[in-house]
Amino acid sequence: MAPLLLGKLLVHRTPAGILAGRIVEAEAYLGPHHPTPDPAAHSHRGPTPRNEVLFGPPGHAYVYSIYGRYFCMNVNCEPEGMAGGVLFRALDPVAGIPQMARNRGLSANAPHPAIASGPGRLCEALGLTRARHNGLDLLDPASPLQLRDDGFSVSEVCVTERIGIRQAADLPLRFALPGHGCVSGRKSLTGNCVSLV
DNA sequence: AGGCCGATCCTCT
DNA sequence: GAGGATCGGCCTA
């Protein structure tokens with residue numbers, strides 16, 4: 001699911017207008033049901049009050065706080081009872097760009113890569129919090145937070161190790177659009193790209 | 001009840 | 001490249 005989510009739109013309807021960005025980087029985290037152990041996954045040790053959304057029906061947002069200051073967002077990508085998720089790591093801003101920049105404390109004409117490149121930046125730009133957005137159905141047309149396909153075509157995807165974790169750091173579960181300026185991190189993506197066709 | 005640490009970001013060198 | 005901010009969640013006693 002993680003590579004297939006690249007190129008899709010993440011859309012947030014807010015009182016201040018529509019905020020949206022194209023997903024250019026995502027990471028997969030494997031649930032305890034999966035044959036490959038993934039101790040870095042929040043669901044790895046089973047359900048808790050924090051991660052219960054991951055064990056619910058798919059297509060719902062799992063938003064959690066990290067380091068006391070930031071939020072990160074996943075979409076649940078497994079059937080009910082299983083708990084795999086995809087972390088959205090970076091967006092290319094598409095709509096409501098000045099407001100997204102303002103949410104980040106940046107000037108309205110800030111360069112795109114400064115706005116939502118990184119999972120904490122992404123949530124801050126879109127104005128997402130656990131209190132307001134955890135558990136929302138991203139596939140419900142009535143939801144203020146949605147995943148959408150606008151027909152954008154992705155022909156090639158890069159694969160690397162995941163960023164910012166210690167456990168299971170060697171699993172090749174980070175995916176990004178090759179050469180896109182809004183992808184986070186400094187690791188080179190060259191040589192790890194595959195054609196989707 | 002206490003302690004440790006994280007799917008981060010920003011600043012400074 | 002290194003270090004601090006900052007706090008909720010999960011483990012241990």
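A note on names: the letters A, B, ... follow the listed sequences, proteins ahead of strands, and every chain is numbered from 1.
The side chain of Arg69(A) has dA5(C) as its nearest neighbour among dT8(B), dC10(B), dA5(C). With dT6(C), dT8(B), dC10(B) as the candidates, the nucleotide lying closest to the side chain of Ile66(A) is dT8(B). Comparing dC10(B), dT8(B), dG6(B) by their closest approach to the side chain of Arg104(A) singles out dC10(B).
Atoms CD (Glu124(A)) and P (dT8(B)) sit 14 Å apart, rounded to a whole Å. Per the geometry, CG belonging to Asp170(A) stands 16 Å off P belonging to dA7(B), to the nearest Å. Atom P of nucleotide dG6(B) and atom NE2 of His44(A) are separated by 15 Å, given to the nearest angstrom. Rounded to an integer number of Å, the gap from CG of Leu122(A) to P of dT8(B) is 12 Å. Between the CZ atom of Arg121(A) and the P atom of dA7(B) there is a distance of 18 Å, given to the nearest Å.
Residue side chain Tyr64(A) reaches the base of dA7(B) through a donor-acceptor N/O pair under 3.5 Å, judged by distance alone.
As rounded to the nearest Å, dG1(C) and dA7(B) have P atoms that lie 22 Å from one another.
Take Tyr64(A) and apply the ring-ring contact (aromatic ring centres under 6.0 Å, His included) test, not counting sequence neighbours, and it matches His42(A), Tyr62(A). Partners of Arg102(A) according to the side-chain hydrogen bond (donor to acceptor under 3.5 Å, both in side chains) rule, which considers only residues two or more places apart in sequence or in another chain, do not exist here. With sequence neighbours left out, the salt bridge (charged side-chain N to carboxylate O under 4.0 Å, His left out) criterion links Asp92(A) to no other residue.
At least one side-chain heavy atom of Arg162(A) sits less than 4.5 Å from a side-chain heavy atom of Leu171(A). Counting only heavy atoms from C-beta outward, the side chains of His180(A) and Val24(A) approach each other to under 4.5 Å. Proximity of Ile165(A) to Tyr29(A): side-chain heavy atoms (C-beta onward) are separated by under 4.5 Å at one or more points. Considering only heavy atoms from C-beta on, Leu126(A) stays 4.5 Å or farther from Asn103(A) through its side chain.
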Practice task
Give the dot-bracket string for DNA chain B, reading 5' to 3', where a pair is Watson-Crick or G-U wobble with both distances under 3.5 Å, ( ) marks pairs inside the strand, [ ] marks pairs crossing earlier ones, | marks a partner on another strand, and . marks unpaired.
Solution key: ||||||.|||||.
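Nearer to the 5' terminus of DNA chain B, by closest-nucleotide assignment, is the contact made by Ile165(A) (compared with the other of Ile165(A) and Leu106(A)).
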Exercise for the section: Go along nucleotides 8-13 of chain C 5' to 3' and tag each nucleotide: B for a protein heavy atom under 4.0 Å from its base, S when only backbone or sugar atoms are that close, - otherwise. Expected result: SSSS--
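Evaluation of Tyr67(A) against the base of dT8(B) yields a stacking contact (centre distance < 5.5 Å, interplanar angle < 30°).
At dT8(B), one or more side-chain N or O atoms of Arg89(A) fall inside 4.0 Å of OP1 or OP2 (strictly under the cut-off).
Listed by first and then second residue, the side chain to side chain donor-acceptor pair (under 3.5 Å) pairs involving residues 119-139 of chain A are Arg104(A)-Glu124(A) (not counting sequence neighbours).
For Arg174(A) and Glu161(A), the salt-bridge test fails: no basic side-chain N is under 4.0 Å from an acidic carboxylate O.
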